[in-house]
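To start, the structure under review is shown below, and the notes come after it.
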4 protein chains.
Amino acid sequence: MTELKSAKKPTRIQIRNRKRILEAALEVFAQHGYRGATLDQIAEASGLSKPNILYYFTGKEEIHVTLLNKLMDAWLAPLREVDAAGDPLAEILTYVQRKLEMSREFPRESRLFANEILQGAPRIAPHLEAVLRPLVADKAALIQGWVDAGRLAPVDPHHLIFSIWATTQHYADFDAQVRVLMGDGPVFETAEAFLDTLFRRVLEPRPD
Amino acid sequence: MTELKSAKKPTRIQIRNRKRILEAALEVFAQHGYRGATLDQIAEASGLSKPNILYYFTGKEEIHVTLLNKLMDAWLAPLREVDAAGDPLAEILTYVQRKLEMSREFPRESRLFANEILQGAPRIAPHLEAVLRPLVADKAALIQGWVDAGRLAPVDPHHLIFSIWATTQHYADFDAQVRVLMGDGPVFETAEAFLDTLFRRVLEPRPD
Amino acid sequence: MTELKSAKKPTRIQIRNRKRILEAALEVFAQHGYRGATLDQIAEASGLSKPNILYYFTGKEEIHVTLLNKLMDAWLAPLREVDAAGDPLAEILTYVQRKLEMSREFPRESRLFANEILQGAPRIAPHLEAVLRPLVADKAALIQGWVDAGRLAPVDPHHLIFSIWATTQHYADFDAQVRVLMGDGPVFETAEAFLDTLFRRVLEPRPD
Amino acid sequence: MTELKSAKKPTRIQIRNRKRILEAALEVFAQHGYRGATLDQIAEASGLSKPNILYYFTGKEEIHVTLLNKLMDAWLAPLREVDAAGDPLAEILTYVQRKLEMSREFPRESRLFANEILQGAPRIAPHLEAVLRPLVADKAALIQGWVDAGRLAPVDPHHLIFSIWATTQHYADFDAQVRVLMGDGPVFETAEAFLDTLFRRVLEPRPD
DNA sequence: AATGAATGAGAGTTCATTCAT
DNA sequence: TATGAATGAACTCTCATTCAT
């Protein structure tokens, strides 16, 4: 039944409404978490009726999973683009910058992801193992190679990646706290400079 | 009525049961978030009956708020102890170490806090403004002073603090992801070395 | 509007689609009962869309009633054919055989009917009173006449008819149970012999 | 959780309310079938609120299964009591009488069972295989023994049992139809005489 | 201090039916 | 004639909270 619907090519209305729903759901899930979000909220935010939402998605969970899957692709793109042929320091600083950009442009996606991981990754763990793990293993090896070649200061590649994720996503995930502490001033601009400095100092090979 | 309870000094049983409830609730709230947690789960985990829990606490929210308040004190202690009279680099590296320690010792508290902030800090925002803001302002000024005195490499104090929080709490909050990527190997031990190196490189004043 | 449809003579497509719908609905209603059946199931089984089904029938109930009415005609035909001019015992044994045949050929119709009666005949009671009652009264009188004439062993005609219905329809209505108890062996063949013997022994006039 | 409740010995209120619910549910399920029955109806009929019903039973299905299980024990008791040491004809006629009695005393149980079998025994099939099949096999063998010994007229034991079930349960399951055809006159009294005669004629060994 | 019993307010979901084309 | 889209009503079930003891 549902198969049929997704098998046939979707109409314009279907495309539009699925987008609306996902957009609304992203907002709601990001703010309240999976359990905290309600279909009523998504319905209201999307301007569709609750049963109509269930006309497009099998249920609450399918909406959530769809969001997570869409998210992961975009989420990992910057890491994928770290180029073995590029200049090591430049590659990583670019990666940091792009990750920070994503936190600014897509804070809701970041929070959606954070919520999922916080709760033990119940729905996305398989994806992490299948997709994220090999990708990270690959890039960690690349970084290790750079370190071994003396092109980066010695550093644990995995922890380096974690620290990039942590520091960049922080501005999306902990936004409420950041706002309290920094007021209405420019956050991302100063953050960008700070993180550039930080990782430059950490990674620049020094003669010693 | 409620006043009476707090007016009279609590009996031993009261103290014990409130502890049990908070311990159980910490576990449950940290894993499932506020909305995702149920009193039934807390009741089961605490070994008390649901109505009995509501004898000690007005409701679900009060339990949550109590946990958050207790948490904040312990949470900020390491920052409070950053000593203006100490050696700047040592003070901060010690702070990093103590924060990481807290992530290892109290991951549930970290996740509880992360959950709250992720959702926009609806219940803890006042506390952040009243307590956290002045404390951070104070310590940021201290760090700025150290920087100005040339005792630390130039760095934005606020963002520095954020980066410490982000990198240390990451190991508690994103544990599920870290585990997928690092397997069963030692995480905190290598993290400690990594973060020590990281912040040392960032903060050590360099002649140039 | 609805009148128009029945006023004009139906096109070939109409005839074909109504047949499809009724065939599918029979399957679904017989298995799940009136409430348990859904238009979705009927739509899927018939290969038509849900709204299209409602183009041919006013609603779920009309489909059900249509099925019941069609059913009743066929259902009573064997009884109608019990011939006053025939040999009493042979007439009744033939009736038994034909009823059993219908259970084998049309088990879904049997179950549909059983479902309806089980629930108090809410939709078919009028039909029963108007059609079934006089027919049974007539045939009961016929049997009574045969009994009075000594051509059948003395027996209550109404209960005799009930016992014929009960024993023959049992193989359709309680098929699930029969299968559990008789395995995959031949059911209807042995049942036919059994029922022939049974009613023969019951009805054969004996000298006494 | 639920285990705990049923593990501890139930209070008087629990016993009373579970009885009320089962009594009400029997009425509702027997009339409308599993899908057709609603918790609202059961709630109304039992005088309890809907959530309160779910305080005593896990869900709709548990109520249904509980009823079926309770039913089966009582349902099979008469067959169990068919005594190998008794007089064959008397044993069976007594069984017929007791089954008819049950149809009169417990028509709702009979309809509940009929509903379940009609729908393919989705919930009770295992029980049928585990309990009913061996019991019937046992009694069928007993009857076959009586037949072989010439103490009963030759007859297929399985079909004999089916015919007893069919004819006796008919008065409960098809009550709506029987009422239409027999009016307000005595049904069970005449049915008892009829069935006694019927099975006597069928089973009495005849010299031939 | 404790708990069995009860419930109102929703939650997610289903479904017969209607709308619009 | 046909169907994608939409919905109101109802359904099962959950849960924080209250009642009564």
Side-chain angles (χ1 to χ4, degrees), chain A residues 4-5 8 10-14 16-17 35-43 47-63, chain B residues 5 10-14 16-17 34-43 47-63, chain C residues 5 10-11 13-14 16-17 35-43 47-63, chain D residues 4-5 8 10-14 16-17 35-43 47-63:
Chain A
L4 282 180
K5 255 188 294 179
K8 297 189 179 179
T11 66
R12 240 163 277 153
I13 291 183
Q14 275 176 6
R16 190 198 59 190
N17 281 349
R35 283 286 309 265
T38 73
L39 283 184
D40 271 313
Q41 292 172 310
I42 298 173
L48 300 178
S49 73
K50 205 165 32 164
N52 201 17
I53 287 178
L54 296 168
Y55 175 74
Y56 291 101
F57 290 91
T58 308
K60 187 184 179 181
E61 175 140 14
E62 203 204 88
I63 302 176
Chain B
K5 262 189 290 180
T11 66
R12 240 164 274 155
I13 290 184
Q14 280 176 350
R16 189 201 58 188
N17 280 350
Y34 180 72
R35 281 285 307 266
T38 72
L39 283 185
D40 270 313
Q41 291 172 309
I42 298 174
L48 298 181
S49 72
K50 210 165 29 165
N52 202 15
I53 286 177
L54 294 169
Y55 173 79
Y56 290 102
F57 291 91
T58 311
K60 186 182 179 180
E61 174 139 14
E62 205 204 88
I63 303 176
Chain C
K5 258 189 296 179
T11 66
I13 290 184
Q14 280 177 348
R16 189 200 59 188
N17 280 350
R35 282 286 307 266
T38 73
L39 282 185
D40 270 313
Q41 293 172 308
I42 297 173
L48 299 181
S49 74
K50 211 166 28 165
N52 203 13
I53 287 178
L54 294 169
Y55 173 79
Y56 291 102
F57 291 91
T58 311
K60 187 182 179 181
E61 174 139 12
E62 205 204 89
I63 303 177
Chain D
L4 282 179
K5 256 189 294 178
K8 295 188 178 179
T11 66
R12 240 163 277 154
I13 290 183
Q14 276 177 3
R16 190 199 57 189
N17 281 349
R35 283 285 309 266
T38 74
L39 284 184
D40 270 314
Q41 293 172 310
I42 298 173
L48 299 179
S49 74
K50 209 165 28 169
N52 201 16
I53 287 178
L54 295 168
Y55 174 75
Y56 291 101
F57 290 91
T58 308
K60 187 183 177 180
E61 176 141 10
E62 203 204 88
I63 303 177

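Every chain is numbered from 1 and lettered A, B, ... according to where its sequence line falls, protein lines coming before strand lines.
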Fill in the blank from the handout: Here the distance between atom C1' of E/dA5 and atom CD of D/Q14, to the nearest Å, is 9 Å
Practice task
Report yes if a side-chain nitrogen or oxygen of B/S49 is closer than 4.0 Å to either non-bridging phosphate oxygen (OP1 or OP2) of E/dA2; otherwise report no.
Solution key: no
Problem - D/T11 side chain near E/dA5 phosphate (N/O to OP1/OP2, under 4.0 Å) - result: yes
Exercise for the section: Ignoring backbone atoms, establish whether A/Y56 has a side-chain N or O less than 4.0 Å from OP1 or OP2 of F/dA6. Expected result: yes
Problem - Rounded distance (Å) that lies between atom P of F/dT17 and atom CD of B/E62 - result: 10 Å
Exercise for the section: Return the value, rounded to whole Å, for the distance between atom CZ of B/F57 and atom P of F/dT17. Expected result: 13 Å
Practice task
Find out whether A/Y56 and A/I13 are in side-chain contact, i.e. whether some heavy atom of one side chain is under 4.5 Å from a heavy atom of the other.
Solution key: yes
Handout entry: Euclidean distance, C/F57 CZ relative to C/I42 CD1, rounded to 0.5 Å
Key = 9.5 Å
Practice task
Go through A/I63 and A/L39 one step at a time and tell me if the side chain to side chain contact (heavy atoms under 4.5 Å, CB included) criterion holds.
Solution key: CA-CA 10 Å; A/I63 302 176; A/L39 283 184; 4.3 Å; yes
Handout entry: Rounded distance (Å) that lies between atom P of E/dG4 and atom CZ of D/R16
Key = 16 Å
Handout entry: Earlier contact from the 5' end, DNA chain F, for B/G36 and C/I13
Key = C/I13
Exercise for the section: Step by step, work out the side chain to side chain contact (heavy atoms under 4.5 Å, CB included) result for B/N17 and B/I53. Expected result: CA-CA 8 Å; B/N17 280 350; B/I53 286 177; over 6 Å; no
Completion exercise
Between CG of A/L48 and C1' of F/dG4 the distance, given in whole Å, is 14 Å
Handout entry: Side-chain N or O of A/Y55 closer than 4.0 Å to phosphate OP1/OP2 of F/dA6
Key = no
Problem - Criterion side chain to side chain contact (heavy atoms under 4.5 Å, CB included) on C/R35 and D/T38, from CA distance to verdict - result: CA-CA 11 Å; C/R35 282 286 307 266; D/T38 74; 4.0 Å; yes
Practice task
Return no unless some side-chain N or O of B/N17 is found under 4.0 Å from OP1 or OP2 of E/dA2.
Solution key: yes
Handout entry: Residue-phosphate contact under 4.0 Å: D/N52 side-chain N/O, E/dT7 OP1/OP2
Key = yes
Exercise for the section: Would you name the heavy atoms of C/S49 and C/A43 that are closest together and state the gap between them? Expected result: C-CB, 4.3 Å
Practice task
Keeping the roles fixed (side chain from B/K60, backbone from B/A37), state whether a donor-acceptor pair exists under 3.5 Å.
Solution key: yes
Exercise for the section: Mark yes or no for whether A/E62, through its side chain, and A/G59, through its backbone, hold a donor-acceptor pair below 3.5 Å. Expected result: no
Exercise for the section: Pull out every stem in DNA chain F, meaning runs of 3 or more consecutive Watson-Crick or G-U wobble pairs with both distances under 3.5 Å. Expected result: E:2-21 with F:2-21
Exercise for the section: Could you pull out the closest heavy-atom pair between A/L48 and A/N52, with the gap in Å? Expected result: CD2-ND2, 3.8 Å
Check nucleotides 10-13 of chain F for protein N or O atoms closer than 3.5 Å to its own N or O atoms and list the pairs.
| unit_1 | atom_1 | unit_2 | atom_2 | d |
| --- | --- | --- | --- | --- |
| F/dC11 | OP2 | D/D40 | OD2 | 3.3 |
| F/dT12 | OP1 | D/A37 | O | 3.3 |
| F/dT12 | OP1 | D/L39 | N | 3.3 |
| F/dT12 | OP1 | D/K60 | NZ | 3.2 |
| F/dT12 | OP2 | D/L39 | N | 2.9 |
| F/dC13 | OP2 | D/K60 | N | 2.8 |

